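First the proteins, then the strands, lettered A, B, ... as listed; each starts at 1. Remember, predicted model here, so these are calculated numbers, not experimental data. Any value given below was found using the heavy atoms of this structure, including those in side chains, with hydrogens, waters and symmetry copies removed.
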2 protein chains.
Amino acid sequence: MATIREVADKAGVAPASVTRVLGGYPNVSDELRERVLTAVREVGYEPDLVAAGLRRGYTKTIGMIVNDILNPVVAQMVDVVEDELRVAGYGVILANSNGQSAHDLVNLRLLHQRRVDGLIASVADDTNPDLIATMAGLPIPVVLLDRQIELENLSAVLSDHRYSARALANHLIDHGHRQIAIISGATSAYPSRERVTGVLDVMRERGLPVRPEFQVSGRGSEEFASRSLSSIMDQPEPPTAIIIGNGNTAALVGVLHELRRRGVQIGVDIAIAAAEDGPLVSLYTPAITAVERDIIDLGRRAARMVLAQLAKDTLRAQTIVLPTRLVIRESTDWTLPAPALH
Amino acid sequence: MATIREVADKAGVAPASVTRVLGGYPNVSDELRERVLTAVREVGYEPDLVAAGLRRGYTKTIGMIVNDILNPVVAQMVDVVEDELRVAGYGVILANSNGQSAHDLVNLRLLHQRRVDGLIASVADDTNPDLIATMAGLPIPVVLLDRQIELENLSAVLSDHRYSARALANHLIDHGHRQIAIISGATSAYPSRERVTGVLDVMRERGLPVRPEFQVSGRGSEEFASRSLSSIMDQPEPPTAIIIGNGNTAALVGVLHELRRRGVQIGVDIAIAAAEDGPLVSLYTPAITAVERDIIDLGRRAARMVLAQLAKDTLRAQTIVLPTRLVIRESTDWTLPAPALH
DNA sequence: GTCTGTTCTGAAAACGATACCGGAAAGTCA
DNA sequence: TGACTTTCCGGTATCGTTTTCAGAACAGAC
């Protein structure tokens, strides 16, 4: 592997001059620039960003921690972040925690040891005290992506999940539902936490019973979702509406499979709503009510926020909240007949 | 940020001893190890992997180039690769090319400059001569993931797309279809190339007409897919079966939307098959025939192949092909009535 | 011709960790 | 006891790049 010194020797100049040419510094004569560039081509020189990183003190890489890359929404965030950062000259080191907070902790340490210049994090559990303590001490800009930790040095880009959860609860109640169940992801992460809070708030405000056995939260696996649904539907006086408060496709699939197996008809026997929009819910028969939000915007803002803080060395951390929108479809757009009086 | 020297000073030892303790080398007395470890804790030392990388000559990172991370199948590959490599102590730098071969080239250079120890690549265009030339010269182990380039130094893990494409074509013909169209991704990437080859081969073998206007390939966007379908269906004597030869969800969605818009009924007017299995195709009404394969296995083998080549310094490149399986569902599981004779 | 001020270039010192080398101490064997 | 091996540890060169500093070359002004 050719080094800068070989280039310098070939061109008959000092290594420093090669740096000046390649770095685009102004004080270089045309003649020297020419000599260096041809030498670079001749020896096939590729700069060593590891060595440069050590000397410079920054690496031009950003770490990205995600919860679950199998979630299409998360994949989309990764996509846009990676894209936005690449054009700014940054590489992205991706770390997936698969929903396990312990993984987040080791990933955080590893990224720090790799000396990333900044961090975009969508951790599994934003209430983990160890994680919070570690994050508080990081000497680099950190942007939380759809996660909330109250710390001076952390920025965040959030979606307003509570708003859409409230809208959904009101919509269901307006259509005659009184027994509403919610199967959500772990409430140790902001989105599910907000969704559950929003729904329960509305139910209380409108005087509806909140039955604890109708509120299940946990891992977003297919099995967990279908088991949860089962236990809920086996209760006396089962719910007439189910809210899936987990953006993961697997959770939705688990519920749909179990409903099919039981012969429960969506739009007739039961109303269903999903936490996240996508082709599966919009093309399903019947089409499923879901929450829509601009993922591209979310990811882009997170990326730009890190870049901004990196540019002007010290920039206050900030938090922004982006809107969500309820898309009503056939699965909930019908009214439950009033119960017969006895 | 604490350095190894500060730790050494605090513990009253030489920097080299700190390295020995932290690196788990055998020749260290318990007493010195103890002193070093407490010093490490006291000053809050975190090793600098950038500096270590420079000195050691390897970075403990693997580059991963992917075509389109929005494709759920690709996301799953990223997931398993990242997982497998993390437990082996490697970090993953992800680079997404969004289907553009030019991006692949810059990503390749960037990863090389970052001195990744190995590369797992699922590039946009595995026929690009520039890319092939660059890859031929890489001094690190490279494993192609579902891509095929005939070079001595490149390994590959492939799926047998041709097999399933042939099975699908035979299945359709057996059910009375004579006019079969295929909308595929760019044939400059191995999977679509193989699928198209497989289908056309079978059609020729069984003496069916291969109409060039029924064979479209290009970007896997929703718009492209629906436009392609439109132009195909507007031909005289339109096809009775459509093969979607692109694993991307967007392509499938485009076709489904357009069929809905036109009021063409799947399973009655037309047969549909998808290139890749998933919740959307299995839960759609009617359920859609698709090709299933073990993505986890694919990704895991690619990861392990890089690791193996990294472990024993020189290991011949190898290629393995993994099976695919056709899952027949309602969308094709019906027989086309014989045409009325005139 | 000297002096000042640009503009360009080279020498050398870092950045932080590791690997090599050699020396000291401790153990082994005759 | 002496010679020899083994174990442990410190000093220091080194990885490839960038940055700082100072000097060289040159021009223009007096």
- Phosphate OP1/OP2 of C:dT9 contacted by A:S29 side-chain N/O (<4.0 Å): yes

- Nucleotide of D:dG16, C:dG16, D:dT18 approaching A:T3 most closely (side-chain heavy atoms): D:dG16

- Message: Mind checking if A:A16 touches a base, just sugar-phosphate, or nothing, with heavy atoms under 4.0 Å?
- Response: base

- Item | B:L22 CG to C:dG16 P, straight-line distance once rounded to whole Å | 16 Å

- Message: Tell me the bend of the helix from C:dG1-D:dC30 to C:dA30-D:dT1 as the angle between end helix axes, each from five pairs, rounded to the nearest 10 degrees.
- Response: 50°

- Task: Go through B:V81 and B:L85 one step at a time and tell me if the side chain to side chain contact (heavy atoms under 4.5 Å, CB included) criterion holds.
- Result: CA-CA 6 Å; B:V81 165; B:L85 293 180; 3.7 Å; yes

- Item | Distance in angstrom units between B:H112 NE2 and D:dG16 P, rounded | 12 Å

- Message: By the 4.0 Å heavy-atom rule, please label A:V13 as base, sugar-phosphate, or nothing.
- Response: sugar-phosphate

- Message: Does any part of the side chain of B:V306, heavy atoms only, come nearer than 4.5 Å to the side chain of B:I120, both counted from C-beta?
- Response: yes

- Got a salt bridge between B:D117 and B:K60, using NZ or NE/NH1/NH2 to carboxylate O under 4.0 Å? no

- Looking at A:D126 and A:R193, does any basic side-chain N land under 4.0 Å from a carboxylate oxygen? yes

- Item | Lys/Arg N to Asp/Glu carboxylate O, A:K10 vs A:E6, below 4.0 Å | no

- Give the rounded distance in Å between these two atoms: CG of A:L54 and C1' of C:dA17. 8 Å

- Determine the contact category for A:N27: base if any of its heavy atoms lies under 4.0 Å from a base atom, sugar-phosphate if only primed atoms, P, OP1 or OP2 are that close, otherwise nothing. base

- Task: Could you state the atom-to-atom distance from CD of A:E31 to P of D:dC26 in whole Å?
- Result: 13 Å

- Is any side-chain nitrogen or oxygen of B:Y58 closer than 4.0 Å to OP1 or OP2 of D:dC15? no

- Query: Is there a side-chain polar atom (N or O) of B:S17 under 4.0 Å from OP1 or OP2 of D:dC9?
  - Reply: no

- Message: Considering every strand and a 4.0 Å limit on heavy-atom distances, what is the contact class for B:L32: base, sugar-phosphate, or nothing?
- Response: sugar-phosphate

- Item | Pair of N/O donor and acceptor under 3.5 Å linking D:dT18 base with A:R56 side chain | no

- Message: Let me spell it out: for each of B:I4 and A:P15, pick the nucleotide of DNA chain C with the closest heavy atom. Which residue's pick is nearer the 5' end?
- Response: A:P15

- Query: Any donor-acceptor pair under 3.5 Å between the side chain of A:R20 and the base of C:dG10?
  - Reply: yes

- Task: Give the rounded distance in Å between these two atoms: CZ of A:R35 and P of C:dG10.
- Result: 7 Å

- Item | A:R5 CZ - C:dG10 C1' separation (whole Å) | 11 Å

- Message: Expressed as a whole number of angstroms, how long is the span from A:D9:CG to C:dG10:P?
- Response: 11 Å

- Any side-chain N or O of A:T19 under 4.0 Å from OP1/OP2 of D:dT17? no

- Item | Pair of N/O donor and acceptor under 3.5 Å linking D:dT18 base with A:R55 side chain | yes

- Is B:Y25 near enough to D:dT7 that one of its side-chain N or O atoms lies under 4.0 angstrom from OP1 or OP2? no

- Assign B:V28 to base, sugar-phosphate, or nothing according to its heavy-atom contacts below 4.0 angstrom with the strands shown. sugar-phosphate

- Query: Could you give the CE-to-P distance, from B:M1 to C:dC15, as a whole number of Å?
  - Reply: 14 Å

- Please determine if B:R300 and B:D297 form a salt bridge, counting it only when a charged side-chain N lies under 4.0 Å from a carboxylate O. no

- Query: Of B:L108, B:L105, B:D125, which meets side-chain contact (heavy atoms from CB on, under 4.5 Å) against B:D130?
  - Reply: B:L105

- Message: Is the shortest side-chain heavy-atom distance between A:D48 and B:Q113 below 4.5 Å?
- Response: no

